[in-house]
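What you see below is based on every heavy atom in this structure, not just the backbone, and it leaves out hydrogens, waters and symmetry mates. Below, read A as the first sequence line, B as the second, and so on, with proteins coming before strands; counting in each chain starts at 1.
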2 protein chains.
Amino acid sequence: MTATPATCDRILDAAERLFAEEGFHATSLRQITQAAEANLAAVNYHFGSKQALILAVFRRRLDALNEARLARLDQALAGSDQPDLEEILEALVVPALALTHGNADDGHRFMRILMRAFADRDDHLHRALSAEYAHVMRRFASAIVIALPGIDELKLRRQLDFIVGALTHTMAESCSKDARAIADDLVQFAAAGLRSSVSVQKPDGASRTLEIHS
Amino acid sequence: MTATPATCDRILDAAERLFAEEGFHATSLRQITQAAEANLAAVNYHFGSKQALILAVFRRRLDALNEARLARLDQALAGSDQPDLEEILEALVVPALALTHGNADDGHRFMRILMRAFADRDDHLHRALSAEYAHVMRRFASAIVIALPGIDELKLRRQLDFIVGALTHTMAESCSKDARAIADDLVQFAAAGLRSSVSVQKPDGASRTLEIHS
DNA sequence: GTCTATACAGTGATAGAC
DNA sequence: GTCTATCACTGTATAGAC
């Protein structure tokens with residue numbers, strides 16, 4: 001018999017869907033409990049607070065993600081004393097992107113959650129700001145094309161996103177006060193990443209440097 | 001005569017300070033207007049809404065940041081047909097990190113704002129989650145040390161932050177559905193960045209490969 | 001234990017007087 | 001421009017029904 005899920009799970013499901021559609025801050029507990037056909041007080045009974053409910057929604061997905069990551073990491077480390085760097089990085093990256101950019105039903109919904117949670121830093125502030133300063137990024141993209149002629153422009157756009165993400169994350173999380181050293185590291189890291197895509201993917205064999213990873 | 005600033009500016013200053021200390025969501029308009037010695041309705045009169053006030057606080061700082069970036073970019077592009085990639089990236093990165101990790105009075109306060117705004121994705125959710133899954137990142141750090149023996153561990157920690165930032169940002173912002181291509185690009189980008197720090201900075205000359213960027 | 005009804009203090013926003 | 005008064009709504013807490 002497939003009875004309706006328990007109240008606790010109905011709340012989690014409704015919360016996940018509404019958070020993804022509207023954002024955390026914009027979704028009220030009354031909306032959630034109404035969609036879950038539960039009483040308002042049930043969420044505080046089962047989870048303790050709205051914040052704890054948000055955490056529970058995340059935990060349900062992140063547990064699975066990190067299990068998948070570690071399983072793939074074990075596979076990359078198994079059998080060899082000298083594991084492959086690319087395989088290690090794939091274990092970190094692929095399960096995450098499959099979750100957010102994949103087509104599976106649950107995954108797709110969770111992608112929108114994560115998108116809201118991490119992009120929607122206070123409602124639509126981030127979207128408004130990045131649109132407002134998009135011209136700055138366009139200027140940098142043009143400059144990099146000059147510095148690295150022949151770079152694939154779609155790939156460059158992605159890589160600029162990588163760099164901006166690394167920079168933003170570092171600005172937000174890093175506790176170190178040593179801005180100079182961090183900046184040096186990030187510049188070196190980003191430059192190597194950008195150069196690697198030029199040397200690896202140029203189809204006309206002018207100066208292929210595939211032996212770069214000897 | 002240095003009269004007290006206009007109401008509009010007093011609100012901006014108070015909001016910036018309180019947002020930085022408490023976060024957006026946790027700071028009420030009543031706190032702000034009280035600290036600014038203004039009336040509650042003044043914020044809606046001058047800015048229209050709480051969201052618009054947040055945006056105004058950001059714009060005041062980001063305008064200066066992006067001006068500094070573009071000025072430095074122009075400098076990097078001037079005088080040569082073939083600008084230096086590192087100088088371009090420094091123009092993007094250094095002014096931002098100077099603002100958030102520097103010691104200037106205003107900058108330090110703004111650093112805390114940005115930190116709250118971008119890290120404090122819904123109160124302390126992000127802190128709780130990253131603590132909960134910190135062991136996963138530790139496992140990956142260990143794996144990378146095996147794959148890249150001799151890598152500096154402080155630098156590796158920073159670079160892992162770069163990768164996580166790039167990944168998070170991409171999960172949140174990227175609209176492309178092509179998870180496989182994005183993952184490939186990120187893996188290649190990150191691997192090149194990591195390898196560059198090993199080959200460039202090893203002090204014992206065993207296998208210096210500085211000619212890697214020939 | 002699970003769930004409900006209800007009450008409460010505090011929020012952002014707004015209309016209208018001064 | 002500024003202020004007071006008020007509104008609908010929020011998350012949370014509690015007392016009690018099943």
Side-chain angles (χ1 to χ4, degrees), chain A residues 1-60 113 116-117 120-126 128, chain B residues 3-59 113 116-117 120-128:
Chain A
M1 58 181 242
T2 55
T4 64
T7 308
C8 186
D9 292 320
R10 290 203 318 274
I11 291 176
L12 273 178
D13 290 335
E16 178 171 296
R17 182 173 57 80
L18 287 168
F19 285 155
E21 287 168 4
E22 313 277 347
F24 296 128
H25 178 221
T27 304
S28 72
L29 294 184
R30 283 165 178 82
Q31 283 178 267
I32 294 170
T33 51
Q34 188 174 341
E37 297 184 276
N39 186 271
L40 167 63
V43 53
N44 268 25
Y45 172 75
H46 285 288
F47 301 96
S49 70
K50 182 181 185 179
Q51 181 65 21
L53 170 62
I54 296 174
L55 206 103
V57 168
F58 265 95
R59 205 182 329 242
R60 191 162 61 150
I113 279 205
R116 289 276 171 184
D120 199 44
R121 338 173 193 235
D122 221 70
D123 285 356
H124 300 97
L125 169 68
H126 186 257
Chain B
T4 62
T7 307
C8 187
D9 292 321
R10 291 203 316 275
I11 290 175
L12 273 178
D13 290 335
E16 177 171 298
R17 183 172 55 80
L18 287 168
F19 286 153
E21 287 168 4
E22 313 277 348
F24 296 128
H25 179 220
T27 304
S28 73
L29 294 184
R30 283 165 177 83
Q31 283 179 268
I32 294 170
T33 50
Q34 189 174 340
E37 297 183 275
N39 185 271
L40 168 61
V43 53
N44 269 17
Y45 173 76
H46 285 290
F47 300 96
S49 70
K50 183 181 184 178
Q51 181 66 20
L53 170 62
I54 296 174
L55 205 102
V57 167
F58 265 95
R59 206 182 329 242
I113 279 205
R116 288 279 170 184
D120 201 43
R121 334 169 195 237
D122 221 68
D123 285 355
H124 299 98
L125 170 68
H126 186 257
R127 215 151 308 178

Tell me whether the side-chain N/O atoms of [X] come closer than 4.0 Å to OP1 or OP2 in [N].
{"X": "B/Y45", "N": "D/dT2", "answer": "no"}
{"X": "B/H25", "N": "C/dT11", "answer": "no"}
{"X": "B/T7", "N": "D/dT2", "answer": "yes"}
{"X": "A/H46", "N": "C/dG1", "answer": "no"}

How close or far is atom [atom2] of [N] from atom [atom1] of [X], stated in whole angstroms?
{"X": "B/Q31", "N": "C/dG10", "atom1": "CD", "atom2": "P", "value": "12 Å"}
{"X": "A/L40", "N": "D/dT12", "atom1": "CG", "atom2": "P", "value": "10 Å"}
{"X": "A/N39", "N": "D/dT14", "atom1": "CG", "atom2": "C1'", "value": "13 Å"}
{"X": "A/I54", "N": "D/dT12", "atom1": "CD1", "atom2": "C1'", "value": "14 Å"}
{"X": "B/I32", "N": "C/dG10", "atom1": "CD1", "atom2": "C1'", "value": "15 Å"}
{"X": "B/L29", "N": "C/dA13", "atom1": "CG", "atom2": "P", "value": "6 Å"}
{"X": "A/Q34", "N": "D/dT10", "atom1": "CD", "atom2": "P", "value": "10 Å"}
{"X": "B/K50", "N": "C/dG10", "atom1": "NZ", "atom2": "C1'", "value": "12 Å"}

Checklist entry - Relative to the ring of A/F58, is the ring of A/F24 parallel (under 30°), tilted (30 to 60°) or perpendicular (over 60°)? => result tilted

Next on the checklist: From C-beta outward on B/R30, which listed nucleotide comes closest to its side chain: C/dG12, D/dA13, D/dT10?
Outcome noted: C/dG12

Checklist entry - Closest to the A/S28 side chain: D/dG11, C/dA13, C/dT4? => result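 Nearest to the side chain of A/S28 among the choices is D/dG11.
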
Checklist entry - Can you name the nearest heavy-atom pair linking A/R10 to A/A36, along with the distance? => result NE-O, 2.8 Å

Checklist entry - When you look at A/D9 and A/R60, which way does the salt bridge (charged side-chain N to carboxylate O under 4.0 Å, His left out) test go after all the steps? => result CA-CA 11 Å; A/D9 292 320; A/R60 191 162 61 150; 5.1 Å; no

Checklist entry - Which part of the nucleic acid, if any, lies within contact of B/T27, taking any heavy atom under 4.0 Å across all strands shown: a base, the sugar-phosphate backbone alone, or nothing? => result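 Sugar-phosphate: the residue B/T27, judged by heavy atoms under 4.0 Å, touches backbone atoms but no base.
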
Next on the checklist: Is there a side chain to side chain contact (heavy atoms under 4.5 Å, CB included) between B/T33 and B/N39? Walk through the geometry before answering.
Outcome noted: CA-CA 6 Å; B/T33 50; B/N39 185 271; over 6 Å; no

Checklist entry - Which of these passes side chain to side chain contact (heavy atoms under 4.5 Å, CB included) with B/F47: B/L29, B/L55, B/L53, B/I54? => result B/L53

Next on the checklist: If you assign B/A41 and A/E37 each to the DNA chain C nucleotide with the nearest heavy atom, which residue ends up on the more 5' nucleotide?
Outcome noted: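 By nearest-heavy-atom nucleotide position, the 5'-most residue is A/E37.
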
